[in-house]
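Not measured: the values here are computed from a predicted model. Order of appearance sets the numbers: ligands from 1, and atoms from 1 within every ligand.
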Amino acid sequence: MIQNLKFSVLFMISVGILLLFIVKTHAYTYNNAYNKSEDDLYISPNIEYFMFPDGTKLIRFYRPMNDTGCNEPNLHLKLLHENGTLSTFNVQDFSVPTFNYCRLNRSNILSPDYIKISNLVRNINLFYIFYYNISDITPTAPFGRFVLEVNSEGNILSNNWLGPASYHNYNIIGREGKFKYIYDSYYYFQLIDIYDPKIISWQKFSLTPNGNLYKQENEYGIMRRDHLADLQFFSNPVFSFQTIDNGIGFIYSRNYSTATNLQPSLYVYANFYSPDMNEFTDPFIVYTTNVQDMILTNVICVPDTLGIGYKCILQLQKTTLPNSSHSFLLISFRSSGSIDTLETLGSSNADLAVRTNLYYGGYLLLYKSKNTLQNSCKISGNIYDNNNLFNSTFDSIILPNPCVIIDNYIDDRIEMISNISSTNFILSSFDLPKFINDGEYIYHYTDIYITLYIFFNPSFFSV
Ligand SMILES: *[C@@H]1O[C@H](CO)[C@@H](O)[C@H](O)[C@H]1NC(C)=O
Ligand SMILES: *[C@@H]1O[C@H](CO)[C@@H](O)[C@H](O)[C@H]1NC(C)=O
Ligand SMILES: *[C@@H]1O[C@H](CO)[C@@H](O)[C@H](O)[C@H]1NC(C)=O
Ligand SMILES: *[C@@H]1O[C@H](CO)[C@@H](O)[C@H](O)[C@H]1NC(C)=O
Ligand SMILES: *[C@@H]1O[C@H](CO)[C@@H](O)[C@H](O)[C@H]1NC(C)=O
Ligand SMILES: *[C@@H]1O[C@H](CO)[C@@H](O)[C@H](O)[C@H]1NC(C)=O
Ligand SMILES: *[C@@H]1O[C@H](CO)[C@@H](O)[C@H](O)[C@H]1NC(C)=O
Ligand SMILES: *[C@@H]1O[C@H](CO)[C@@H](O)[C@H](O)[C@H]1NC(C)=O
Ligand SMILES: *[C@@H]1O[C@H](CO)[C@@H](O)[C@H](O)[C@H]1NC(C)=O
């Protein structure tokens, strides 16, 4: 583990790797270069990047095969060690139909394939591989999605059926299901009919005392959300989030073409669904505006650290100004419907913003924008102290596709893959300022972990 600068410098001299140390006033960066094989041509967008509790990180690469629209049928998994080396990670007896390695958009080399890897935002020695048991010979034969639980030694511990999917026009169709953590269990939510966003099925999974995921055979149900996907507002997206108690939360909007004194042009609502009770709570209004042609384009909510409510960033845009920047609002509310605070975070050309508490007090507003010149994203941000006062900027950085970010919760750093070539890549680490003493460690690891996770996987909470 590169714990301190002295060791880093020693490391740089002894193995001759590139290491830059840029001291900023309040945040600084280490750049660490890793050699890779040319067979590991691209870094896969299809893994929710994470770190194992021992500090190693799992990276998935891929190499497209010429003219087939598919990648080499190999997971290309590597473990990234803290001493700067990569080792091959083999999943024992892993064999899935080769169709899974075909890209969603076959003519786009950067498009993801059908295999998905996640640790379900759990800080554990386990991770999950999602795949389809589609037949390579008869793709039209009935098939569906499975999830494998794999440990950090590469052993498959379980294989669970998640639900059916279908094949059409050389593609697997069906909007992807998602696991949501509710209270102490994981629920797999999935659309029953991909053409009907109103009806969603769920299946409950629980954890054994050792933390292994298993299916609760008789606990499944149907969530009808007709009122969320009202026909008149059909095109307005529904955003979901994880709650503190037994349910999932939803944020959705209704927009009207004319605003009057009694009728705002945009309403933003929140409500909650509990699978165990099969019930929605009554929706309540979290925000309204009279500004014409405003729509809600994105929402990211996390439970607040005190565990009494939620902090959401609402992102709004004026439809009549196609290139207008987004306005970002921070809203705190309780499940009861009472609004604690509403703050304007200003507007920005960013496509997405998140707010996360830092490891040692203060918070970070992080912005992500598209970089039009290439397949990449631009990250920038501002750091605030415990008194909500601006402290410093988070230096802006351009990340190559697929824009990998990892919460290094062992060293209290945020890490990003900042450069990729055919033979190496660079992992940049960001240290963050401390606003409280080490002794008064109040950081909740899940807070920054989940926030960064959503930031880089914005569809994580969508159903
Ligand atoms: C990476 O490759 C370069 C050039 O081949 C070599 O000098 C260096 O020692 C390698 N670094 C590591 C960590 O293997
Ligand atoms: C694809 O084609 C290029 C050029 O024709 C060749 O250099 C490369 O090795 C081929 N890749 C594979 C995976 O066959
Ligand atoms: C780096 O760490 C791994 C895992 O601990 C070890 O197998 C490997 O030999 C180490 N490599 C170097 C160059 O220290
Ligand atoms: C697939 O990728 C190609 C090449 O990038 C692009 O031109 C095309 O529009 C994409 N198709 C879809 C359906 O997104
Ligand atoms: C996929 O698995 C399901 C459930 O086990 C089974 O009914 C189906 O026949 C399998 N399909 C293929 C193509 O193997
Ligand atoms: C409401 O917003 C959607 C986009 O989310 C837009 O397509 C629709 O035209 C808007 N409706 C009205 C009445 O402004
Ligand atoms: C919006 O931006 C795009 C790309 O920068 C540009 O081509 C287009 O003309 C702009 N449209 C307006 C209405 O400014
Ligand atoms: C920012 O925070 C650091 C660490 O607490 C502190 O030393 C510094 O004075 C602060 N700077 C500003 C401008 O508030
Ligand atoms: C990363 O790539 C950019 C251009 O793509 C280059 O300007 C920068 O120097 C590179 N950084 C490192 C540390 O190699």
Side-chain angles (χ1 to χ4, degrees), residues 42 45 64 66-71 95-100 102-115 129-148 158-175 177 188 190 194 197 203 215 217 220 228-239 250-260 263-269 287-299 314-322 324 326-327 351 370 372 374-376 401-402 462:
Y42 297 109
N66 290 339
D67 302 330
T68 60
C70 301
N71 302 332
S95 158
V96 299
T98 59
F99 195 104
N100 285 284
C102 294
R103 294 185 298 276
L104 272 60
N105 180 344
R106 293 192 181 216
S107 50
N108 183 352
I109 248 159
L110 299 177
S111 177
D113 63 10
Y114 291 101
I115 294 173
I129 303 179
F130 297 81
Y131 71 95
Y132 295 94
N133 71 333
I134 185 170
S135 157
D136 286 319
I137 299 149
T138 324
T140 47
F143 71 98
R145 203 175 192 210
F146 284 84
V147 63
L148 295 170
S158 65
N159 185 18
N160 274 294
W161 167 256
L162 293 171
S166 18
Y167 171 84
H168 178 67
N169 209 8
Y170 304 104
N171 279 304
I172 294 175
I173 60 164
R175 209 182 313 166
Y188 188 75
Q190 161 183 52
I194 61 153
Q203 165 70 55
K215 189 190 272 187
E217 286 300 339
Y220 54 86
L228 302 195
D230 192 309
L231 219 51
Q232 190 189 347
F233 306 99
F234 196 72
S235 54
N236 294 6
V238 175
F239 303 94
F250 290 96
I251 304 269
Y252 59 99
S253 64
R254 291 186 170 190
N255 53 331
Y256 300 91
S257 47
T258 48
T260 64
Q263 164 80 74
S265 55
L266 178 73
Y267 290 86
V268 178
Y269 299 91
Y287 179 73
T288 62
T289 179
N290 284 337
V291 177
Q292 293 275 216
D293 307 313
M294 279 294 234
I295 58 163
L296 180 69
T297 54
N298 201 45
V299 179
L314 306 187
Q315 205 171 308
L316 305 168
Q317 196 172 28
K318 238 175 128 55
T319 50
T320 41
L321 300 172
S324 75
H326 287 104
S327 313
D351 300 315
K370 270 193 214 77
T372 44
Q374 38 180 316
N375 283 300
S376 59
N401 217 45
S462 68

Does the side chain of Tyr267 come within less than 4.5 Å of Tyr256's, by heavy atoms?
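Side-chain contact under 4.5 Å: yes.
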
Could you walk me through whether Tyr131 and Asn159 pass the side chain to side chain contact (heavy atoms under 4.5 Å, CB included) test, one step at a time?
CA-CA 10 Å; Tyr131 71 95; Asn159 185 18; 3.1 Å; yes

In terms of ring plane angle, is the pair Phe99 and Tyr114 parallel, tilted or perpendicular, where the classes change at 30° and 60°?
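Rings of Phe99 and Tyr114: tilted, as their planes differ by 30° to 60°.
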
So is there a nitrogen or oxygen of Asn255 less than 3.5 Å from a nitrogen or oxygen in ligand 6?
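N/O-N/O distance below 3.5 Å exists for this pair.
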
Step through the shown structure and confirm whether more than 12 heavy atoms of other residues, nucleotides or ligands are within 6.0 Å of CG on Asp136.
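Result for CG/Asp136: enclosed.
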
Would you call the rings of Tyr167 and Tyr170 parallel, tilted or perpendicular if under 30° counts as parallel and over 60° as perpendicular?
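Ring orientation of Tyr167 relative to Tyr170: perpendicular.
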
Kindly confirm or rule out an N or O of Asn236 lying under 3.5 angstrom from an N or O of ligand 6.
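Right, the criterion is met.
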
For ligand 6, which atoms have a heavy atom of Ile295 less than 4.0 angstrom away?
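Result: 2 (O).
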
Ser135 versus ligand 5: do any nitrogen or oxygen atoms come within less than 3.5 Å of each other?
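The answer is no, given that Ser135 and ligand 5 share no N or O pair closer than 3.5 Å.
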
Check the pair Arg103 / Asn71 against side chain to side chain donor-acceptor pair (under 3.5 Å), numbers first and verdict last.
CA-CA 7 Å; Arg103 294 185 298 276; Asn71 302 332; 2.7 Å; yes

Are any of the side-chain heavy atoms of Gln203 and Lys215 separated by less than 4.5 Å?
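Yes. Closest side-chain heavy atoms under 4.5 Å.
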
Do Ala141 and ligand 5 have an N or O pair less than 3.5 Å apart?
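Among all N and O atoms of Ala141, none is under 3.5 Å from an N or O of ligand 5.
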
Need the ligand 5 atom indices (1-based, order shown) with element for anything under 4.0 Å from a heavy-atom of Trp161.
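Answer, ordered by atom number: 2 (O), 3 (C), 4 (C).
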
Backbone N or O of Lys318 within a donor-acceptor pair of the Asp293 side chain at under 3.5 Å?
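Here the side-chain-to-backbone pair does not exist.
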
Can you give me a line-by-line list of nitrogen or oxygen pairs between ligand 4 and the protein shorter than 3.5 Å?
| from | atom 1 | to | atom 2 | distance (Å) |
| --- | --- | --- | --- | --- |
| ligand 4 | 2 (O) | Asn105 | OD1 | 3.3 |
| ligand 4 | 2 (O) | Asn105 | ND2 | 2.4 |
| ligand 4 | 11 (N) | Asn105 | ND2 | 2.9 |
| ligand 4 | 14 (O) | Asn105 | ND2 | 3.4 |

Run the numbers for me: atoms of ligand 6, each under 4.0 Å from some heavy atom of Ser257, listed by number.
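The list of qualifying atoms is 13 (C).
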
Close side-chain approach of Val96 and Asn133, heavy atoms under 4.5 Å
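Result no, sub-4.5 Å side-chain heavy-atom pair not found.
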
Phe146, CZ atom: more than 12 neighbouring heavy atoms under 6.0 Å
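Enclosed.
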
Could you tell me, atom by atom, which parts of ligand 5 come under 4.0 Å of a heavy atom of Phe146?
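Per the distance check, 2 (O), 5 (O).
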
